[in-house]
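Written below as structure tokens is the structure these notes are about.
Bear in mind the structure is a predicted one, so any value in this text is a computation, not a measurement. We name chains A, B, ... by the order of the sequence lines, and we start the count at 1 in each one.
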Amino acid sequence: MLLTRLAEVSGQVAATASRTRKTDLLAELFRDAEPDDVPVVIPYLAGRLPQGRIGVGWKVLGREVPPAADPTLTVRGVDALLTELAGVSGAGSQAERARIVDELMGAATDDEQRFLRGLLTGEVRQGALDALAVEGLARATEADPATVRRAVMLAGSLQTVAQALLAEGPGALDEFRLTVGRPVLPMLARSASSVAEAVEKLGACAVEEKLDGIRVQVHREGDEVRVYTRTLDDITDRLPEVTSAALELPGERFVLDGEVISFGPDGRPRSFQETAGRVGSRVDVARAAEEVPVSPVFFDALSVDGRDLLDLPFAERHAELARLVPEPMRVRRALVAGPEDTASAEEFSAATLARGHEGIVAKGLDAPYSAGRRGASWLKVKPVHTLDLVVLAAEWGHGRRTGKLSNLHLAARTADGGYAMLGKTFKGMTDVMLAWQTERLGELAVEEKSWGVRVRPELVVEIAYDGLQRSTRYPAGVTLRFARVIRYREDKRPEDADTVEDLLAAHPEVKA
DNA sequence: TTCCGACAGTGGGGTCGCAAT
DNA sequence: ATTGCGACCCCACTATCGGAA
């Protein structure tokens, strides 16, 4: 199959807002693909590379290369070149990568270049990723969409399922069962604004502590242990403590879901930054493990002794977990009878926060493990803080925000009467707010830049955030975590905005 | 007819590791 | 030694489509 066909379909998919139309277009393309094209076409149309990320970003792709006049590139040819690209490393590799990219781009037409750039930067933006590719695949092969979706979640990979499905037909889907050693997409939680709301929605539930670390799925088969992240990357080699912990458990075969976190000498959880830094260390793992040891803390069991537990109610899965995993290696929890018992849930939440954790997750006792879904049966609740901050600048948006001032530079007042930038946010804005702030900030502009505008520090905006973290980027030495706009405060003057001093006083645990 | 679940899009900060400077 | 870049952790929120109620 020619690459131009992919680029064309991708353009058509991007041009329509209708999901059924997108699905139809994808299905048609999948039907036309030759069997050997499939392992490439499927991920390309889902906006991904079969090789994963390959060390090519906007810097290399930004170079201008004259496009070819006629489309000659094939899908498989491109894939072969990218496989070569992914294998390049060592001194001079950047130049070599750039050479290969230029060769590829030089052979591509204008449309193909656009498509390839999107693909390589992971910004396909055609309004169809994995989920719609699954729908299209189901349509193309006349398989049941729900069964295909489930197979993808259990395989942890759309490609694998697509290949089997196109080669063998819908019968192949039965092969995709939970298997020890093959990671499954993890179940995710939705947000709730309060403990009361979560308990109200769920009724009888378990309220568990939410640890601020790295999500892990741990597989053990005899002496073999594998540890996977939320995106199913294998990080076993970086976490020897997790392997030892899994080997000490009284079971030979299991799959557990949990969080990896580091506790300090005082027994309190270390900051997310410290835990994440440790988990990210690959070179001298032994030293990293000595300085920042981590512990696995589990909250669910997906498989025990070869029994698939996914479809069991959470209460039963947890009973299996409790049989296998001793107390300190399990998340703390409280059982709540229902809304009439909200006070005890709130009490548990307060105690969890006092121990230095992030918040709680309330979980329905009847719910199965919905791999890969952000189901309504897991509700997380974290404390939210707010500040009144001053807008110093705004950046031009991209995509659907093109032409609108989007990303705000936020600052608090300093003791000397100036402003200290604390971070940026583009979150929480409605289309109406985007239009309004583009207009208003335009009036306040004192300097036009290619990236946006600097403005007179007059506009006050109310910001919600999850907490403070240390920063080397910003002058106060701290930055806001997950800042988002609540509303503009035109009733406030910049001198009414919060100060850096107040902010630091409100978060004594963070040292600037 | 209205409601709501699922998706995609729009980017945020930090850290690590590698290659280039 | 320092800097720039890419990958990958954590993540909130809005708009929209289309099936469910």
Side-chain angles (χ1 to χ4, degrees), chain A residues 13-14 16-23 46-47 52-61 88-97 120-135 149 188-191 211-216 229-233 235 238 259-260 271-284 288 358 370 372-376 380 382 384 395 397-402 404 406-410 422-434 463-474 478-486:
Chain A
V13 169
T16 175
S18 161
R19 287 185 191 153
T20 44
R21 176 81 186 120
K22 286 177 197 282
T23 306
R53 301 258 65 88
I54 55 176
V56 172
W58 58 269
K59 187 63 198 268
V60 173
L61 292 165
V88 176
S89 67
S93 63
Q94 276 189 19
E96 176 62 6
R97 272 202 288 270
L120 290 168
T121 54
E123 296 172 3
V124 170
R125 293 196 174 107
Q126 58 187 17
L129 298 173
D130 267 5
L132 287 191
V134 165
E135 291 292 321
R149 201 177 305 128
L188 305 172
R190 234 180 258 178
S191 294
L211 310 182
D212 198 5
I214 304 292
R215 181 83 175 265
V216 286
T229 65
R230 191 162 98 80
T231 48
L232 310 189
D233 288 311
I235 54 168
R238 296 184 227 164
E259 195 89 0
V260 146
S271 72
F272 172 76
Q273 283 170 302
E274 290 174 280
T275 297
R278 159 61 211 280
V279 175
S281 298
R282 280 160 286 180
V283 173
D284 191 348
E358 192 185 10
S370 318
R373 314 294 277 190
R374 198 173 283 285
K380 58 180 166 183
K382 297 185 284 184
V384 175
E395 299 174 16
H398 298 89
R400 69 183 299 280
R401 292 190 178 189
T402 301
K404 297 282 189 297
S406 173
N407 202 4
L408 303 178
H409 294 198
L410 305 167
L422 291 174
K424 309 180 190 180
T425 186
F426 55 88
K427 295 175 187 151
M429 296 152 188
T430 62
D431 287 1
V432 171
M433 287 168 80
L434 283 165
I463 297 293
Y465 66 103
D466 277 19
L468 271 195
Q469 45 185 5
R470 276 194 325 260
S471 172
T472 53
R473 178 182 308 231
Y474 294 113
V478 292
T479 186
L480 305 178
R481 193 168 180 202
F482 310 139
R484 59 267 189 192
V485 171
I486 298 177

Are any of [X]'s side-chain N or O atoms less than 4.0 Å away from OP1 or OP2 of [N]?
| X | N | answer |
| --- | --- | --- |
| A:H398 | B:dG11 | yes |
| A:T229 | C:dC8 | no |
| A:R373 | B:dC7 | yes |
| A:R190 | B:dA6 | yes |
| A:S18 | C:dG18 | yes |
| A:R215 | C:dC9 | no |

Checklist entry - Between C:dC11 atom P and A:D466 atom CG, what is the distance in whole Å? => result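 Going from A:D466 (CG) to C:dC11 (P), I get 9 Å.
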Next on the checklist: Expressed as a whole number of angstroms, how long is the span from A:R401:CZ to B:dG9:C1'?
Outcome noted: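 Rounded to whole Å, this separation is 9 Å.
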Next on the checklist: So for A:R400 and B:dT10, does any side-chain atom that can act as donor or acceptor lie under 3.5 Å from a complementary atom in the base?
Outcome noted: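 Looking at the base of B:dT10, it does not pair with any donor or acceptor on the side chain of A:R400 (distance under 3.5 Å).
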Item to check | Letter per nucleotide, 5' to 3', of nucleotides 12-21 of chain B [B base touched, S only sugar-phosphate touched, - untouched; heavy atoms, 4.0 Å] | outcome: BSSSSS-SS-
Next on the checklist: Please compare A:T231 and A:A483 by the position of their nearest nucleotide in DNA chain C and report the one closer to 5'.
Outcome noted: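 Nearer the 5' end of the strand: A:T231.
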Checklist entry - If each of A:V432 and A:T20 is mapped to the nucleotide of DNA chain C with the nearest heavy atom, which maps nearer the 5' terminus, i.e. the 5' end? => result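 Closest to the 5' end, via its nearest nucleotide, is A:V432.
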Item to check | Side-chain (A:T275) to main-chain (A:G213) donor-acceptor, under 3.5 angstrom | outcome: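 Checking the backbone N and O of A:G213 against the side chain of A:T275, no donor-acceptor pair under 3.5 Å is found.
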Checklist entry - Taking only residues two or more places apart in sequence, or in another chain, which ones meet A:E259 in a salt bridge (charged side-chain N to carboxylate O under 4.0 Å, His left out)? => result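 Counting only residues at least two positions away or on another chain, A:E259 forms no salt bridge (charged side-chain N to carboxylate O under 4.0 Å, His left out).
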